[in-house]
Amino acid sequence: MKVWIIFLLCLAGKALAAPQEPFEEEFELIEDHEKNSAEGKLAGFNGLIFVHQAIAEEEAVVDEVIEETPVGSNPVQVETGEFDEAIEVAEEVPADNPCLNHHCKKGKVCELDDSNNPICVCQDPSTCPASNGEFEHVCGTDNKTYDSSCHFFATKCTLEGTKKGHKLHLDYIGPCKYIAPCLDNELNEFPLRMRDWLKNVLVTLYERDEDNNLLTEKQKLRVKKIFENEKRLQAGDHTLELLAHDFEKNYNMYIFPVHWQFGQLDQHPIDGYLSHTELAPLRAPLIPMEHCTTRFFTQCDADNDKYIALDEWASCFGIKEQDVDKDLII
């Protein structure tokens, strides 16, 4: 399984998702009111290279920084593994320590019990390294700003087994702030930019993939058809009208990118459904830039079962029912 996550191209932040738990409702956030203009949104999507190059570059490594891979403007990078709470992380300890080969998930550390056996216990938040700046802060769904993802997950661990702990998830990267309500017309604009961005992410990975570390051979063949298509809309800050027109005229170019994105998110476990945890690598970096992110993914859960199935995902992005194909996400 490929560990991934490029982040929004230049927004450095640390985050991680909660354990495999259901998709949550939208949470009201406070602080300074910051409305996203249409231009800001377009720049945001074109500035992301996302979590995915990282996915493809590491096999089981959980905290590795991806090299800068610009798409559009404002390249950004993110540390891999910060969202995969289900993935356990080994701690650096002396070779003669039983904890050496014992893995603990985020928020826990390895200790020895009375029988000298390694066990995972909740980390004391006060032992987390001090953050180097606001860019390391994360906002929880309790509308509280945490100094870092370490502080967040250590705190969440101490609440395990409680109602508060069950509901607590990482909401987005950065300090908590006021998120403007998403209007209906703005919600309709969201997938236009998202589809175009996904297509451009894949094209960029294809251009940079010399050793098949970013895309498989089958994926490269599909992306190659998009890359070589003379009708392909090049990356840029396009108007919503142009994006809508291109989707209508070149619909087939968008089918694989939408499926590919689902496959990159559906990892823990690979079961054909996206949970809150699996969506976190995409949601957390986007929310501060795209205030319709939470409403969009909430609406994607058409049957309100707290998970997003492939057909629901495809429908959210305008993919026709007859074009939904599970083989495209393998």
Side-chain angles (χ1 to χ4, degrees), residues 5 7-8 11 13-38 40-45 47-48 50-51 78 82-83 85 137-146 149 152 156 164 166-195 197-198 258 261-262 264-266 273-309 312-318:
I5 309 173
F7 195 27
L8 318 167
L11 180 165
K14 294 187 176 181
L16 221 147
Q20 176 86 29
E21 296 184 14
F23 185 76
E24 301 254 322
E25 297 286 332
E26 181 174 3
F27 290 80
E28 181 179 357
L29 304 169
I30 58 174
E31 277 190 22
D32 297 334
H33 177 84
E34 296 183 4
K35 290 188 177 180
N36 296 354
S37 65
K41 292 176 180 176
L42 288 170
F45 272 108
L48 298 176
F50 208 40
V51 169
V78 75
E82 281 299 322
F83 298 94
E85 185 178 353
H137 295 175
V138 298
C139 182
T141 50
D142 56 354
N143 195 37
K144 178 181 177 180
T145 297
Y146 295 83
S149 61
F152 171 81
K156 180 176 173 61
K164 183 177 180 180
H166 179 73
K167 291 184 176 181
L168 180 61
H169 298 285
L170 182 144
D171 199 15
Y172 55 85
I173 294 172
C176 294
K177 63 179 182 180
Y178 175 81
I179 303 293
C182 175
L183 303 180
D184 291 343
N185 66 305
E186 295 174 320
L187 184 64
N188 293 332
E189 298 169 357
F190 186 92
L192 294 175
R193 296 187 299 274
M194 189 71 176
R195 283 189 306 245
W197 173 63
L198 289 176
V258 170
Q261 171 67 96
F262 185 93
Q264 298 305 304
L265 294 172
D266 183 23
Y273 295 90
L274 299 182
S275 67
H276 182 277
T277 297
E278 292 170 317
L279 280 167
L282 181 59
R283 291 179 66 255
L286 280 179
I287 290 178
M289 298 169 55
E290 288 280 343
H291 67 289
C292 283
T293 300
T294 297
R295 185 180 173 189
F296 175 77
F297 288 122
T298 299
Q299 182 172 291
C300 281
D301 181 19
D303 59 7
N304 198 33
D305 66 349
K306 307 302 180 182
Y307 293 91
I308 299 178
E312 293 175 319
W313 175 267
S315 177
C316 279
F317 286 101

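Computed from heavy atoms alone, side chains included, the values below leave out hydrogens, waters and symmetry copies.
- Looking only at side-chain heavy atoms (C-beta outward), L282 and M194 come within less than 4.5 Å of each other.
- Considering all non-hydrogen atoms of both residues, A280 and P285 come closest at O-CD, 3.8 Å.
- Contact check for M289 versus I287: no side-chain heavy atoms found under the 4.5 Å cut-off.
- Expressed to the nearest 0.5 Å, how far CZ of R195 lies from CD of Q261 amounts to 14.0 Å.
- With rounding to the nearest 0.5 Å, the separation of OG1 in T298 from NZ in K306 is 8.5 Å.
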- [ ] Could you walk me through whether T293 and Y172 pass side chain to side chain contact (heavy atoms under 4.5 Å, CB included), step by step?
- [x] CA-CA 10 Å; T293 300; Y172 55 85; over 6 Å; no
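- Judged by distance alone, the side chain of K164 and the main-chain N or O of D142 form no donor-acceptor pair under 3.5 Å.
- Here the closest heavy-atom approach between residue G140 and residue C176 is recorded as N-SG, 4.2 Å.
- One distance of note links SG of C292 with CZ of R193; it measures 7.5 Å at 0.5 Å rounding.
- Closest non-hydrogen pair, C300 versus I308, comes out as CB-CD1, 3.7 Å.
- The backbone N or O of V138 lies less than 3.5 Å from no partner atom in the side chain of S149, so there is not a single donor-acceptor pair.
- A distance-only check finds a donor-acceptor pair linking the side chain of E278 to the backbone of S275 [under 3.5 Å].
- Residues P191 and F317 share a closest heavy-atom pair of CB-CD2, 4.2 Å.
- Residues satisfying the side chain to side chain donor-acceptor pair (under 3.5 Å) criterion with D184, sequence neighbours excluded, are R295.
- T141 places a side-chain N or O within 3.5 Å of a backbone atom of H169 that can act as its donor or acceptor partner.
- Ring geometry for F190 against F297 counts as perpendicular: the plane angle is over 60°, on a 0 to 90° scale with 30° as the lower cut.
- For the side-chain contact (heavy atoms from CB on, under 4.5 Å) test, residues two or more places apart in sequence or in another chain that qualify with D303 are D301, D305, E312.
- Within the 4.5 Å cutoff, no side-chain heavy atoms of Y273 are placed close to those of D266.
- Distance check: H291 NE2 to L187 CG gives 9.5 Å after rounding to the nearest 0.5 Å.
- Residue T277 holds its OG1 atom at 10.5 Å from CZ of R283, rounded to the nearest 0.5 Å.
- Atom OH of Y146 sits about 5.0 Å away from atom CG of L168, to the nearest 0.5 Å.
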